[in-house]
Structures are given as structure tokens and as C-alpha cells.
Amino acid sequence: MAALDQLEDAFDAACTDPDFARELADLEKDYTGRPSPLTRAARFEHECGGARIYFKREDLNHTGSHKINNVLGQALLAARMGKTRIIAETGAGQHGVASATAAALMGLECVVYMGKEDTQRQALNVARMQLLGATVVPVETGSQTLKDAINEAMRDWVTNVATTHYLLGTVTGPSPFPRIVRHFHSVIGRETREQILEIEGRLPDAAVACVGGGSNAMGLFSAFLDDPEVRLVGYEAGGEGVESGRHAARFAMGAPGVLHGARTYVMQDEWGQTIPSHSISAGLDYPGVGPEHAWLHDSGRATYEPVTDAEAMEAFSIVSRTEGILPAIETAHALAGAMRLGRELGPDAVIVINLSGRGDKDVETAARWFGIDTT
Amino acid sequence: MNPRTAAVFDAARAQQRSALIGYLPAGFPTVDDSVEIFQTMLDSGVDLLEVGLPYSDPLMDGPAIQESVEIALERGVTTDDVLSVVDRLTPAEGQAVYVMSYWNPIERFGVQKFADGLAAAGGSGVITPDLTPEEADAWIEVTEAAGIDRTFLVAPSSTDARIDIVSGATTGFVYAASTMGVTGTRDTVSDAAPQLVGRVRERTGQPIGVGLGVSSADQAASIAGYADGVIVGSAFIRRVLDAESSAEATAEVGRFAAELREGVRRSTHLSEPDA
């Protein structure tokens, strides 16, 4: 609790400090490359019932995903708290790469916990983190995926809290993490709102994103919460189908519970034991979800739907071939969802999709899925 | 305070020693074996038993407890099994049986049902390492009604204000984590422990148990110099993991409990009994 209180105090102080805001804004502009473009997806639109589709291009950020937004903010906070070491969990490796990047930039030691299964399916990102000077610790306990990496990072944190900041990568965990991570990703929504108003002269009919822990979705949604005409839809991993039991559909199949210090929807059995999740995308393979998403779900402000591995991979292929963009497989879940939603809303609709990350890290998985020989 | 918990700490104080508190997960290595091992711990000098409820994500535990809990869960141990283990134990006068559990399994089982079930099984209290007092309103209500104690945790990083909140919500004994970190045996138990106990003692008359890292009778003796209870977990688990048969595991655990029993009696208790 002491560490969480310290973090909350540091965050609240930073939020009212114009120097902090300036420092972060400079990094976002000169290092990340913000603002990220809002790209019309004219050819992909044909697959979406003719609705006008825009991609918020977080894939064009430095390090290739939205994750850098939160990492730069929290790394600055760590430095303000006098911490010299950051630790992070990672699923797909995007957050780990972003953390290793910020640590290199700011001269901090960096240790990244990653489920052993994920280190195998995201080997490229493991190498990237190591090249950036981070230590990657494969986690061999439990299901060897993201939830176990979070367990291990929390164990490290409670042991080394005097020197170490836990740079949590998504909008979950104990308070104040969900609020902090949302804050640093809210730039996605702010820019999107401005850009779409400029291009279309009106707000979109829907803003959609994939939801693992839910950081990219929360960043996008945060700017439209008070605009009831904008539908907010999150797409969670349906894996091999929700009826198969092999999925990460917390809203569709989970129940309220407590995981990693957050009260939220959790995939759990009748005894409250966490059920291991499954998804072709390591970044959505998490049995819990950010507690603010649980609130948006319960209040009806946002809706959440599962997208299967097969649907996501179909969208991956379509967007690659129609737009020349290889999306992350996580992001492909949102693209598949938008295809469904566009057909429902019709050709007059405007839909914004958070293109949360690029797919270079997924080339091997995708090649295997589509039967492309890479040997 | 639950009368059995009170009897544990009253007896220890009367004998100017600390209470010995021992932890193992229920269902490890099997449900029946764990009943036998727990009973042996009670019969060999453990005053207060912590029956662990195995959980898939034991955040504050080190490798030994993680491994033992995974074994128990793979064999399908359930919350019903944990309550039945408590029910099958026969603590003597001056002994008490607690459950230690992460929060989600209790909530999923039903807080009322769990508190009532534990009371019916003869349990005296519950330690909830990941439940903060701020989130515990329902839990406080049902444990009061069921007459079982609830233990919350303090750590060396806890502020005085935090210690007040934790001890205000606790009945039975306060659990003081001796060091920053997860469970597991250590060669030395840090200096932070006596300081923390001193700070807690200034603010509450409740008994204080010190845990995390105790692996020998000598360490138990040194903690007994300032704490009301010495908590030992991972070192028991190691003995079960290293044993080649359940009979050997039971014998080793019993032998170790007897050593620790001597340890907590070797040191003179420093704190005065409450008036």
C-alpha cells in the first residue's frame, strides 16, 4: 500500500506540474512521433459494408504500438520518485519493448517478465528487448503467459520497492494504475476526436478497439465517454470460440471477481480459481480485464464482443492486402469487429478503429497460420 | 477474539514464550496426507495452524508455496476440501486452526457461506493477504457474526496510519511481514522485523505474529524475543517436497515442528502481558 500511495502522490503532483506536462509533450512529439495520423481506409471499407473507416495509426509510433505513450509517462514518474530500476510484464512483447526503450532513453535498469510460452511465440520481441539492454526473465509458473508474468513482476516489486517502479502496461492492477495508464493513453482519444472533427466535421458513429487488459481501447474511449452518439465497442479474444473453453472472453464468459488487485470480470471456475486464457494473440491472452472497462460494460456505455482467432486472422489478411498495413494480431481483432459493425451500421456510418500496433512481431505466427513456408 | 485464538496467545504469554504458527496448503500433497501432516504439526508443538487454501495466482508467495499449491490444484483440491480438512483436525485445548486464503476464492464461495462453514468446521480465524481493510466491510460483518477472527497484514513499508487501519480491522492477531518480499526461507530475517513489531506494539495491544523467511529453530528463537507468534511456512513445505514418501514427510514435519517448539521457548518474551 505504501508504494501505491507513493505512486499516487507522485502522479497527482505530476499532473498539476506544467514542467512534467511539457517534458512529456516534447517526448511525444520528438521521440514517439505524435500526433499519429488518422488514415482513411478506402479499400478496406468495401469489406465493412461501405461505412467510412478510419485507422488511428498507433502502429506508426516509435516501437510500433500505442504502448510507448504510457511507458514514457510512467518512466518520467519513476525518475521523479527517484527510482533507478523499472520492471514490466509483457504478453506480446510490445509493452516490454516499449519499457526497454524508455529505460534506455532515461538511463534506467530494466527487467521484463514474460511468460515462457510468450517468449517462444514472440521471439523477435525478446531479442529486441535484449538488444535495448533489458533483461528478459521467462516465467515458468502457472500457464506461462501474461497473468503469470504479472504475478512475477508483482513479487519482484514488493521485494525491491525501494529502488524499483513497476511499470504496469495496461489499465488493470491495483489503484492508481488503471487511472495512470488511462491518463497517459488518453492522447489517443484526444487526437482522434480533433482529427475526425476536422476531416468529417462530426463525431464518429463508433469508436472501436481490441481489449486485452484494455489500454489502447481506454485511451481511445476516454475522449468520447460524454458523447452518447458515439458507440464504443471493445473486441476481446474469442480464441477457438467461446463454446470451446479456449478463449479470453472475460465479458462473454467470465464473472466478477478480483485478480491482480482489481475488481473486474475474471475467467474463473466455480471455486474462484483463475482459468487460463487462450488467444492466438499473446497481447489479448489475459483472464482479467481493466476494471474501468468492467464499469463501462456494466453501465452500458461500452459493449464488448468476442472475435475468434479465425476471424481476426481473416481481417489480418484483408487489411494487409487492401491497405498495405500488416496489423498486430491483437489489432486484427478490432479490424474483424469493425467489419461486422460496419455491415450493421451501413454505408453512412463513420467508424474509427484504433490501429494499436504493427504486425512485424507476428509474421511468423501469421505465416504458420496461412501456410507460408519461411524455412 | 475467538476463544481458541485467545487461548493460544494466553497460554504462550503465561509461559513467557511465543506461539508457534505453522502453515501448509490443504491438499498438499493429497487431501488425506495433508490432514495427517497438519495433525502431526499440532501434536508436535504447533500452537496455531494456518491451513492454506490453494489459489491459482499466489501473488505474495515464493517458489516453495507456489510449487506446493500447484500440486494441490492439479489434484483438484477445492474450497469444500479445505473446509473438510479443518473439520477433520482435532486441535487440543490451547490450539487453534486458521485458514489462509487469497480473496477471490472466498468471494466466489460466498463470504457468508465461507465464514459460517469455517466456524462449523471448528476453525478460529482467516488470514487474507490480498484483502485490504478498506474493501472488507462485508467480510468484517460475516466474520463478526460467525465468531471467527480476521487477520490483515502489515509490512515494513506500512505507515503508522496504515498500521492503525490494519490493526483496527484485525481481530485475533496482526500478521507482520518481516521483510519486503514474498514468502520463502531466508538465512537471516531482516532487521526490519523488530522495528516493525515495535511500531505495531506502540499502537495496538493485539498479539503480533511475524512471518516470511523463518527456516530454523535459532531464527524462531530470535523472533520469539520480540513477537507473540513465529510463523513458519515454506520451511515445512520444503520438508514435504524433499520427502520420498508421505510417511517420511509426516515424520520430517513432526521433527521440524518439535525443533521450532524448542526455539520459541528458548527466548524470554520481552513484552508484558496485557493488564
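Keep in mind it's a predicted model, so treat the numbers as computed, not measured. Order of the sequence lines fixes the chain letters, A, B, ..., with proteins taken first and strands second; residue numbering starts at 1 for each chain.
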Do the side chain of B:Ser56 and the main chain of A:Gln273 share a donor and acceptor less than 3.5 angstrom apart?
-> no
Atom CZ of A:Arg263 and atom CD of B:Glu135: how far apart are they, to the nearest 0.5 Å?
-> 7.0 Å
Chain B heavy atoms under 4.5 Å from A:Gln6: which part of the residue, side chain, backbone, both or neither?
-> neither
Hey, what do you get for CG (A:Asp5) to OG1 (B:Thr159), rounding to the nearest 0.5 Å?
-> 7.0 Å
Between A:Arg155 (side chain) and B:Pro58 (backbone), is there a donor-acceptor pair under 3.5 Å?
-> yes
Which heavy-atom pair separates B:Ser157 from A:Ala2 by the least distance, and what is that distance?
-> O-CB, 3.2 Å
If only atom types and distance count, is the side chain of B:Arg108 paired as donor or acceptor with the main-chain N or O of A:Ala255 below 3.5 Å?
-> no
Atom of B:Tyr55, atom of A:Thr274 and distance for their closest heavy-atom approach = OH-OG1, 3.8 Å
Which region of B:Phe109, side chain (C-beta onward) or backbone (N, CA, C, O), has a non-hydrogen atom less than 4.5 Å from a non-hydrogen atom of chain A, or is it both or neither?
-> side chain
For B:Glu141, look at atom CD and say whether over 12 heavy atoms of other residues, nucleotides or ligands are found less than 6.0 Å away.
-> no
Counting heavy-atom pairs under 4.5 Å to chain A, which of B:Leu131, B:Thr79, B:Asp57 comes out on top?
-> B:Asp57
One option among B:Thr132, B:Leu73, B:Leu53 has the most heavy-atom pairs under 4.5 Å with chain A, and it is B:Leu73
Side chain proximity check, A:Trp271 to B:Asp80, heavy atoms < 4.5 angstrom = yes
Straight-line distance of A:Gln268 CD to B:Asn104 CG, nearest 0.5 Å = 4.5 Å
Do the non-hydrogen side-chain atoms of B:Gln66 and A:Glu152 ever get within less than 4.5 Å of each other?
-> yes
Give, as side chain, backbone, both or neither, the part of A:Asp156 having an atom under 4.5 angstrom from any heavy atom of chain B.
-> neither
